[in-house]
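A quick note: this is a predicted structure, and the numbers were derived from the prediction, not measured. Computed from heavy atoms alone, side chains included, the values below leave out hydrogens, waters and symmetry copies.
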Amino acid sequence: MIKAVTGTRDTLPSDIPKWNYLQSIVESVFSRFNYKEIRTPIFEDTSLFARGIGEATDIVGKEMYTFLDRSGESITLRPEMTAGAVRAFIEHSLDKKQNLNKLYYMGPMFRQERPQAGRFRQFHQFGAEALGSNDPLLDAEMIIMAYDIFAQLGLKNLLVKINSLGVPASRENYKNILKKHLEPFFEKLSSESKKRVDTNILRLFDSKEENDRNIMENAPLLLEYLDEDSLQHFEKVKQALLASRIPFEVDARLVRGLDYYTHTTFEIVSGSVGSQSALCGGGRYNLLVKELGGPDIPGIGFAAGMERILLACENEKSFTLDEEKLDLYLVTIEKGLENFSYNTALNFRRNGLTVDLDYLNRSVKAQMREANRTNSRFVLLIGGDEFARGEIVLKNMSTGAQKNFGKDEYDKILSEIKE
RNA sequence: GUGAGCAUAGCUCAGUCGGUUAGAGCAUCUGGUUGUGGCCCAGAAGGUCGUGGGUUCGAUCCCCAUUGCUCACCCCA
């Protein structure tokens, strides 16, 4: 048997309603904040991600689905959306059309990792990007939108964490201070952390090694070394969050994995999923647009993992959806009337009802069971004495009451069903 | 890439201290009025016990390998 490739999943008809529900909430929240949807290709030139996300990151280093196409181009399935959105923004000079572009997206992403609870190789994200303003209110807006979406889904067990990485100058300065501080402890660090001292020293705060954690416990924090502008920016973000009544905490150890972040970074984690608990993450990236060959324009964005969100919703039973119902099921009692039933069904379908009927030549009992199984509100019985008199019988499946109609009285039947 | 656990019917799982016809619940199908659902009752269908090899008179059960899944690490949404 051929099965879905490792880390990919089928979304079966029974799964679709909750996905649609999630998507409808995402769309409604984003559009109320006046974000416009953007769709970009699922694959891009490999160099876009190498430059945009950063060569040193795990995503680029070991997780991308990269291949040569038939003409020898190196192609990569998008592992995240920001790089593609920014590429499109630059390519179409969106900054020339309006000063601030507020964009959102939804779609599949690809990373070749070992699957785990809440992690897949093809997974889905929604997210937003605001390009063209350094206003801290936009930083807060991202967090508010994400939080509002989660809240509308009924999620409870959430924690908003924010931090600031400042600007490159103060960050470089701080990195040197941190490096000096760690020198006496260097030999005690885990081997992974030793490598990171040179490549990405901030990530040492992320280490789960007991020993590393102890060492980092007393390390100086970046927040203490931010320049004045960065501190003010961060302060305004916090004020906006306070005003929005979203609970948050400053986590000076929150360091995000992508190279392009400046100033604000944030993450919302759920206590209701497994160890992959980040439902969304994002931050400001004032250098990325320029890095990708565009104008010197600031940006901020976030991305949220839809599988993780739905997992949290299921574990918390945070919402329930109505059962899917049919308006009408046609039961043909008598052989030879199949065409009449079929055409009658078609007529009601064209009048906006959700209608089905038997295609398996089954007994009346089996047809009734099918009507029940599909949660049909009404059944139309076709055949027998009534049909010989020119009538068909409408049965209300919740009350069991039956009513006769002339077999051409579609309008009467329609209004009976619609009320 | 590393580690651990699991693999029996469509689904969720029993079970065999190695022995002949491998079970349950749910789901499916048929019947219980010649033309009426849900509940109930009766019955049916459905499994080469993940795959390959080994041990044995005999393996679904023990051993080895392999594949897949799950969870965790790394990292991330």
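- Contact annotation for Phe378(A): no contact, since no heavy-atom pair falls under 4.0 Å across all strands.
- Between Asp10(A) atom CG and C11(B) atom C1' the separation is 16 Å, expressed in whole Å.
- Using a 4.0 Å heavy-atom cutoff across all strands shown, Leu279(A) reaches sugar-phosphate atoms only and no base atom.
- Whole-Å rounding puts the Glu63(A) CD to C75(B) P distance at 10 Å.
- Using the Watson-Crick or G-U wobble rule with both distances under 3.5 Å, C71(B) pairs with G3(B).
- Across all strands shown, the partner of C11(B) is G25(B), judged by Watson-Crick or G-U wobble contacts whose two distances both fall under 3.5 Å.
- Rounded to a whole angstrom, the distance from the P atom of C13(B) to that of U70(B) is 14 Å.
- Comparing C17(B) with A59(B), their C1' atoms are spaced 14 Å from each other, to the whole Å.
- Checked by atom type, the side-chain pair Asn101(A)/Asp95(A) shows no donor-acceptor distance below 3.5 Å.
- Of all nucleotides present, none satisfies the Watson-Crick or G-U wobble test against G58(B) with each distance under 3.5 Å.
- Evaluation of atom-type donor-acceptor distances gives a pair under 3.5 Å for the side chain of Lys395(A) against the base of U36(B).
- Within the 4.0 angstrom heavy-atom criterion, base atoms lie near Gly118(A).
- Residue Gln112(A) contributes atom CD, which lies 14 Å from atom C1' of C75(B) at whole-angstrom precision.
- Stacking of Lys407(A) on the aromatic ring of Phe387(A) is recorded, both the 6.0 Å distance cut-off and the 45° axial limit being met.
- At a cut-off of 3.5 Å, with distance as the only test, a side-chain donor of Tyr35(A) or Glu141(A) sits close to an acceptor on the other residue.
- Closest to the side chain of Ala366(A), from the set U30(B), G35(B), A72(B), is U30(B).
- Side-chain N/O atoms of Arg114(A) include none lying less than 4.0 angstrom from OP1 or OP2 on C75(B).
- Ser376(A) comes within 4.0 angstrom of no nucleic acid atom, judged by non-hydrogen atoms across all strands.
- OP1 and OP2 of C71(B) both lie 4.0 Å or more from every side-chain N or O belonging to Ser275(A).
- Within the shown strands, nothing qualifies as a pairing partner of A77(B) under the Watson-Crick or G-U definition with both distances less than 3.5 Å.
- Spacing between G18(B) and C49(B) at atom C1', rounded to whole Å, works out to 14 Å.
- A cation-pi arrangement is present between Arg9(A) and Phe120(A) under the rule of less than 6.0 angstrom and at most 45 degrees off the ring axis.
- The same atom, P, is picked in U8(B) and in U2(B); the two are 26 Å apart, to the nearest Å.
- The base of G35(B) sits within donor-acceptor range of the side chain of Glu386(A), with an N or O pair under 3.5 Å.
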- prompt: Between Phe185(A) and His181(A), is a ring pair (Phe, Tyr, Trp, His ring centres under 6.0 Å) present by the stated rule, with each step listed?
  reply: CA-CA 8 Å; Phe185(A) 308 104; His181(A) 172 85; 5.7 Å; yes
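- Here Thr57(A) does not reach the OP1 or OP2 of C75(B): none of its side-chain N or O atoms lies under 4.0 Å away.
- Inspection of the Asn315(A) and Ser272(A) side chains reveals no N or O donor paired with an N or O acceptor under 3.5 Å.
- Counting non-hydrogen atoms of other residues, nucleotides and ligands closer than 6.0 Å to CD of Glu91(A) gives a total above 12.
- Within 4.0 Å of Ala371(A), counting heavy atoms only, lies no atom of the nucleic acid at all.
- Among the nucleotides G35(B), G32(B), A72(B), the one closest to any side-chain atom of Gln116(A) is A72(B).
- Distance, Asp58(A) CG to C73(B) P: 14 Å, rounded to whole Å.
- Distance noted for atom P between G58(B) and C39(B): 50 Å (whole Å).
- Looking at heavy-atom distances under 4.0 Å, Arg9(A) makes no contact with the nucleic acid at all.
- Side chain of Arg111(A), nearest nucleotide from U2(B), C76(B), G35(B): C76(B).
- For Ser363(A), the listed nucleotide lying nearest its side chain is G31(B); candidates were C75(B), G31(B), A72(B).
- Taking atom CE on Met368(A) and atom P on G35(B), their separation rounds to 13 Å, with Å as the unit.
- The base of C76(B) is paired with the side chain of Arg308(A) by a donor and an acceptor separated by under 3.5 Å.
- Pairing for G37(B) is absent, judged as Watson-Crick or G-U wobble with the two contacts each under 3.5 Å.
- If you find the closest nucleotide of RNA chain B to Glu370(A) and to His124(A), the one lying nearer the 5' end belongs to Glu370(A).
- The CG atom of Asp15(A) sits 14 Å away from the C1' atom of C11(B) (whole-angstrom rounding).
- In this structure, Asn372(A) atom CG and A27(B) atom P are separated by 12 Å, rounded to whole Å.
- Counting to the nearest Å, the C1' atom of U28(B) and the CZ atom of Arg373(A) are 10 Å from each other.
- Residues Lys3(A) and Gly383(A) each lie close to RNA chain B; by heavy-atom proximity, the contact nearer the 5' end of the strand is made by Gly383(A).
- Between Gln367(A) and Asp358(A), the side chains place no donor N or O within less than 3.5 Å of an acceptor N or O (distance only, hydrogens not considered).
- One P atom belongs to U36(B), the other to G31(B), and the distance between them is 11 Å to the nearest Å.
- The side chain of Gln276(A) approaches C75(B) more closely than any other nucleotide in the set G68(B), C75(B), A77(B).
- Under the 4.0 Å criterion applied to side-chain N and carboxylate O atoms, Glu37(A) and Arg39(A) are assigned as salt-bridge partners.
- Atom name P, nucleotides G37(B) and A44(B): the rounded distance is 23 Å, in whole Å.
- A donor-acceptor contact under 3.5 Å is formed by the side chain of Gln402(A) with the base of U36(B).
- Pairing for A42(B) goes to U30(B), judged as Watson-Crick or G-U wobble with the two contacts each under 3.5 Å.
- Nucleotides G46(B) and C29(B) place their P atoms 16 Å apart, quoted to the nearest Å.
- Within the nucleic acid shown, Gly384(A) comes within 4.0 Å of at least one base atom, counting heavy atoms only.
- Each of A77(B), A72(B), G35(B) was ranked by its minimum atom distance to the side chain of Ala303(A); first place goes to A77(B).
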